[in-house]
Amino acid sequence: MSDETQLQALRKRIDTIDEKILELISERAHCAQTVAQVKQKALPTGQAPVFYRPEREAWVLKHIMELNPGPLDNEEMARLFREIMSACLALEQPLQVAYLGPEGTFTQAAALKHFGHSVISVPMAAIDEIFREVAAGAVQFGVVPVENSTEGAINHTLDSFLEHDMVICGEVELRIHHHLLVGENTQTGKISRVYSHAQSLAQCRKWLDAHYPNVERVAVASNAEAAKRVKGEWNSAAIAGDMAAELYGLTRLAEKIEDRPDNSTRFLIIGNQAVPPTGDDKTSIIVSMRNKPGALHHLLQPFHSNGIDLTRIETRPSRSGKWTYVFFIDFCGHQSEPLIKDVLEKITDESVALKVLGSYPKAVL
Ligand SMILES: O=C(O)C(=O)C[C@]1(C(=O)O)C=C[C@@H](O)C=C1
């Protein structure tokens with residue numbers, strides 16, 4: 001058989017497979033529409049149905065990864081199903097998700113990674129605005145950055161949790177790659193200014209010291225904003241990611257310039273909806289302690305003695321008194337599990353105040 005005949009035969013096979021996939025995706029979408037009707041029917045009048053089910057989505061993605069026979073790797077396969085589910089959910093209810101804008105930020109990339117591309121993503125100018133929009137019910141969910149593997153906690157986000165009553169219903173981790181971007185009018189030999197978000201400038205500090213030691217570093221509200229500014233200037237560059245580069249049509253003068261190759265940011269999904277357990281969950285709490293010797297030890301002791309895995313602990317000034325602090329703690333387990341309930345009771349006895357921010361499935365992708 002000639003190469004051309006073989007190619008034609010293979011393409012015919014692919015066409016037949018695509019037709020089957022199309023039929024099955026449509027069947028799945030019909031199923032999701034019926035699920036929506038059942039959810040609506042099952043409720044007493046006046047109560048709004050809950051269409052988005054993070055615990056179910058986490059299960060579906062894990063199940064697919066377990067069954068995946070290859071040759072596509074698990075992440076790739078899960079991403080495809082992520083998009084199918086996103087489209088099915090949009091048929092049930094189009095979701096609005098607020099993120100730290102403008103368009104092209106890593107927070108938008110995180111929102112799309114978590115919810116898929118069928119959600120309506122709504123840019124906000126500040127982290128606090130995301131909290132307010134979700135609290136007001138203007139959008140169903142918000143996505144906020146909470147920690148970066150190179151630079152640590154995002155304090156604006158932590159402080160916003162002190163001011164708003166919000167439920168954390170998910171987490172998503174994003175590998176952050178920064179590029180040095182220039183516009184078509186930039187004279188690359190004459191760059192005298194680099195724009196980026198303060199966190200991104202910090203994540204590329206060593207690279208800038210080595211390659212552009214005398215260039216002014218200007219912190220702006222986001223790296224998408226940095227990309228936007230560079231478009232109209234001839235002597236400046238921006239540090240930003242792929243989405244911003246594509247959105248503003250910039251060229252990558254240098255790629256992956258972050259100081260640490262494993263540079264990642266963790267984002268939280270905030271909403272008003274408590275999430276049932278999946279068996280592989282995390283819980284986030286805020287605790288304020290009496291200012292006495294051994295307070296932190298007393299706080300951590302119940303986790304240690306019950307073998308609970310702490311994944312993060314962060315301290316912030318409480319804002320309610322000088323030199324008083326609150327602890328943000330993330331740990332493995334769901335607040336509905338007896339062991340976790342027990343630990344939370346013990347901590348309540350030791351603390352001035354304890355607020356459970358939410359239990360949610362561990363990031364799958
Ligand atoms: O299982 C459900 O509750 C559905 O609504 C279906 C479905 C899906 O497409 O699989 C869609 C949206 C939910 O967030 C979870 C899953």
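Counting starts at 1 for both ligands and their atoms, in listed order. No hydrogens, no waters, no symmetry mates; every other heavy atom, side chains included, goes into these values.
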Could you list, one pair per line, each nitrogen or oxygen of ligand 1 together with any protein nitrogen or oxygen closer than 3.5 Å, giving atom names and the distance rounded to 0.1 Å?
from, atom 1, to, atom 2, distance (Å)
ligand 1, 3 (O), K39, NZ, 2.8
ligand 1, 5 (O), K39, NZ, 2.8
ligand 1, 5 (O), E92, OE1, 3.2
ligand 1, 5 (O), E92, OE2, 2.5
ligand 1, 9 (O), R28, NH1, 2.8
ligand 1, 10 (O), R28, NH2, 2.8
ligand 1, 14 (O), R53, N, 2.9
ligand 1, 14 (O), E57, OE2, 2.6

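Note on M65 and V60: same hydrophobic cluster, where clusters join Ile, Leu, Val, Met, Phe, Trp and Tyr whose side-chain heavy atoms are under 4.5 Å apart, directly or indirectly.
Screening E216, K228, E233 for a side chain to side chain donor-acceptor pair (under 3.5 Å) with Y195, the sole residue that qualifies is E233.
Here the closest heavy-atom approach between residue Q140 and residue V134 is recorded as O-CG1, 4.0 Å.
No more than 12 heavy atoms of other residues, nucleotides or ligands shown are found within 6.0 angstrom of NZ on K206.
V172 belongs to a hydrophobic cluster whose remaining members, ordered by chain and number, are F51, Y52, L89, L95, V97, F106, L112, F115, V119, F141, V143, L174, I176, M243, F267, I269; membership requires side-chain heavy atoms of ILVMFWY residues under 4.5 Å apart, directly or through intermediates.
Looking only at atom types and distance, the side chain of T157 has no donor-acceptor partner in the side chain of S160 under 3.5 Å away.
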